[in-house]
Trainee: 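For reference, the structure I am asking about is given below.
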2 protein chains.
Amino acid sequence: MSGIPLTDRHPFVRRIQSIALFDLSEAERAALALLPLHPATYDAHQDIVTEHDRPSRCFAVLTGITATYKTTRDGRRQVVAYHVPGDVPDFQSLHLKTLDFSIAAVAPTRIGFVAHDALRGLFREHPRLGDVFWRATLIDGALSREWMLNNGRRGSFPRMAHLFCELMIRLDLVGLVQDHSCELPLTQYELGDALGITSVHVNRILKELRDGGLISLSGGRLTVHDWSALSKAAEFDETYLHLRRTPA
Amino acid sequence: MSGIPLTDRHPFVRRIQSIALFDLSEAERAALALLPLHPATYDAHQDIVTEHDRPSRCFAVLTGITATYKTTRDGRRQVVAYHVPGDVPDFQSLHLKTLDFSIAAVAPTRIGFVAHDALRGLFREHPRLGDVFWRATLIDGALSREWMLNNGRRGSFPRMAHLFCELMIRLDLVGLVQDHSCELPLTQYELGDALGITSVHVNRILKELRDGGLISLSGGRLTVHDWSALSKAAEFDETYLHLRRTPA
DNA sequence: CGACTAGTTGAACGACGTCAACCGTTGTGG
DNA sequence: CCACAACGGTTGACGTCGTTCAACTAGTCG
């Protein structure tokens, strides 16, 4: 018994399908839909798992956003990945026993825990799904690489533009973008932690982006007013997302 | 027929064993040793594979060092990973068809190409080895995360110290460190590309590290004179390397 | 109403980049 | 054998992007 109605799983199944290189069979969709998901909700800034944990389960994001982060000893924080509905942020715990990162909700977030054993059973029954999850972690790796390039070699203006481009596409993949606008409840402090700059500087760059007519970000909602200018400023090239097809 | 004598494979088998959570069986060691490796050598700064390639084979580093890198449109270069003997830098090509990065030799380097089909056959015969390779790519992901923290949140002095700590341990794992000293033929320009700073600044930090009696780096050889001071300066915590045991 | 959190803006500072000159080594061709 | 180009390293002067510190505003929740 899953405890979560099927509609809530929708982003999850949709995401898996968007990663797979083939069309999921009915049996595979059903197996995914029947996977026992144990629900939990978290408030903004609450940790879901923390470094050095040895989890016996993974979780899928159902609504909201999570941030995978690490900190230096003196408390400086670096977000190394965001995860949106449909993603499984800590899939590596299936093969790497102790976590080398923490994951926090950055906004009110609902997740569904899946026992490692349940996943192993799923992959035994449906080996192709195992390949899809493998592929998913490899795509996460590709995102990491792009973030390294972005944070290491681009100024803060294109850097922030790039992050917004990526998030828009990823949210669009799971149907969370309408009219170039989406829920994105990231504080400026959060953004700074992802981009490797301070919240003060985030504020200034955000002002430039706003004044340039590229985007608006307020009340937890991001709207892109000029996608072509934004993606050009970001030097955005979506190949690193390894999409099956280009989104609308 | 492999074309490469068995001793040259040694770092490769040794590395696989260092990743596995179990002791390799004789059959598994033999299967690895018999894997058809097609040799090739590259000079410093030569590309081995490049972004947008669609390779039908992976390669293992046998001697030397490779750099995985990406560039911005205006040519600024960011190294996102180094790979040392025993590593398989482009294992992801097995599941992600088009590469989102390039790999270059940073010094004269010998590699062995392995056909994707040969790997798939290996994993079919020895499923546990498939798990080990999966684990290897997840560890690469962990390194990426640590690099993001390092490059995003640490000043250039601890940042460089951290890189040297990591490389010392990884080279030690495959037996390439003696007396706290190893071959490390990275130019200052290379180092800058990995750390997200300029070669001029690399030179200054290197001087500080040298003057502080922490390391010496010249003639392509790195020697660590004061490991405890170096690792303290770097805030180095090796858990992210997911070692089975701590090295000497 | 006060406390707290998020955002906004200015001014001074500092880490790192840029530009430029110079040195030593290596390799190459006249 | 020497000339000289090419490359990597070294160092100084100066510029700039982003940080730090600080003050102020607005919204929210008890």
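What you see is a predicted model, and the numbers here were worked out from it, not measured in a lab. Each chain gets a letter, A, B and so on, in the order the sequences are listed, and its residues count up from 1.
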Trainee: Round to the nearest Å and state the distance from B:D211 atom CG to D:dG9 atom P.
Mentor: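 In whole Å, D:dG9 P lies 17 Å from B:D211 CG.
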
Trainee: Out of D:dT11, C:dC16, D:dG9, which has the shortest distance to the side chain of B:H201?
Mentor: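 The answer is C:dC16.
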
Trainee: Write down the distance between CG (B:L209) and P (D:dG9), rounded to a whole number of angstrom.
Mentor: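 Nearest whole value for this atom pair: 15 Å.
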
Trainee: With nearest nucleotides of DNA chain D determined for B:K207 and B:H45 from heavy-atom distances, which residue corresponds to the more 5′ nucleotide?
Mentor: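 The residue closer to the strand's 5' end, by nearest nucleotide, is B:H45.
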
Trainee: Rounding to a whole Å, what distance do you find between B:R154:CZ and C:dC16:P?
Mentor: 14 Å

Trainee: Can you tell me how far C1' of D:dG18 sits from CD1 of B:I197, to the nearest Å?
Mentor: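 Those two atoms, CD1 and C1', are 16 Å apart.
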
Trainee: When the distance from CD of B:E208 to C1' of D:dG9 is rounded to whole Å, what number comes out?
Mentor: 17 Å

Trainee: Would one find a side-chain N or O of B:N203 under 4.0 angstrom from OP1 or OP2 of D:dT10?
Mentor: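 Yes, B:N203 has a side-chain N/O under 4.0 Å of OP1/OP2 on D:dT10.
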
Trainee: Can you tell me if the side-chain N/O atoms of A:S156 get under 4.0 Å from OP1 or OP2 in D:dG18?
Mentor: yes

Trainee: Mind checking A:G192 for me? I need base, sugar-phosphate or nothing, with any heavy atom below 4.0 Å counting as a touch.
Mentor: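 Answer is nothing: A:G192 stays at 4.0 Å or more from every strand.
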
Trainee: Under 4.0 Å between any heavy atoms, over every strand shown, what does A:S218 touch: base, sugar-phosphate, or nothing? Just pick one.
Mentor: nothing

Trainee: Donor-acceptor pair, B:D47 side chain versus B:T50 backbone, under 3.5 Å?
Mentor: no

Trainee: Using atom CD of B:Q188 as one end and atom P of C:dT25 as the other, report the distance to the nearest whole Å.
Mentor: 16 Å

Trainee: Write down the distance between CD (A:E190) and C1' (C:dT5), rounded to a whole number of angstrom.
Mentor: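 One finds 14 Å between C1' of C:dT5 and CD of A:E190, rounded.
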
Trainee: Look at A:R170 together with A:E238 and state whether they make a salt bridge at an N to O cut-off of under 4.0 Å.
Mentor: no

Trainee: Contact class for B:R210 (heavy atom, under 4.0 Å): base, sugar-phosphate, or nothing?
Mentor: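 Answer is sugar-phosphate: B:R210 comes under 4.0 Å of backbone atoms only.
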
Trainee: Whole Å only: how far is the CG atom of A:L206 from the P atom of D:dG18?
Mentor: 14 Å

Trainee: Who passes side chain to side chain donor-acceptor pair (under 3.5 Å) against A:D43, sequence neighbours left out?
Mentor: none

Trainee: Given C:dG17, is OP1 or OP2 found less than 4.0 Å from the side-chain N or O atoms of B:T198?
Mentor: yes

Trainee: Would you say the side chains of B:R159 and B:S156 form a donor-acceptor pair under 3.5 Å?
Mentor: no

Trainee: Assess whether one donor atom and one acceptor atom, taken from the side chain of B:R153 and the base of D:dT19, lie less than 3.5 Å apart.
Mentor: no

Trainee: Is the Lys NZ or Arg CZ of A:R57 less than 6.0 Å from the centre of A:F113's six-membered ring, within 45° of the axis?
Mentor: yes

Trainee: Reading DNA chain C from 5' onward, which residue's closest nucleotide shows up sooner: A:L186 or B:R204?
Mentor: A:L186

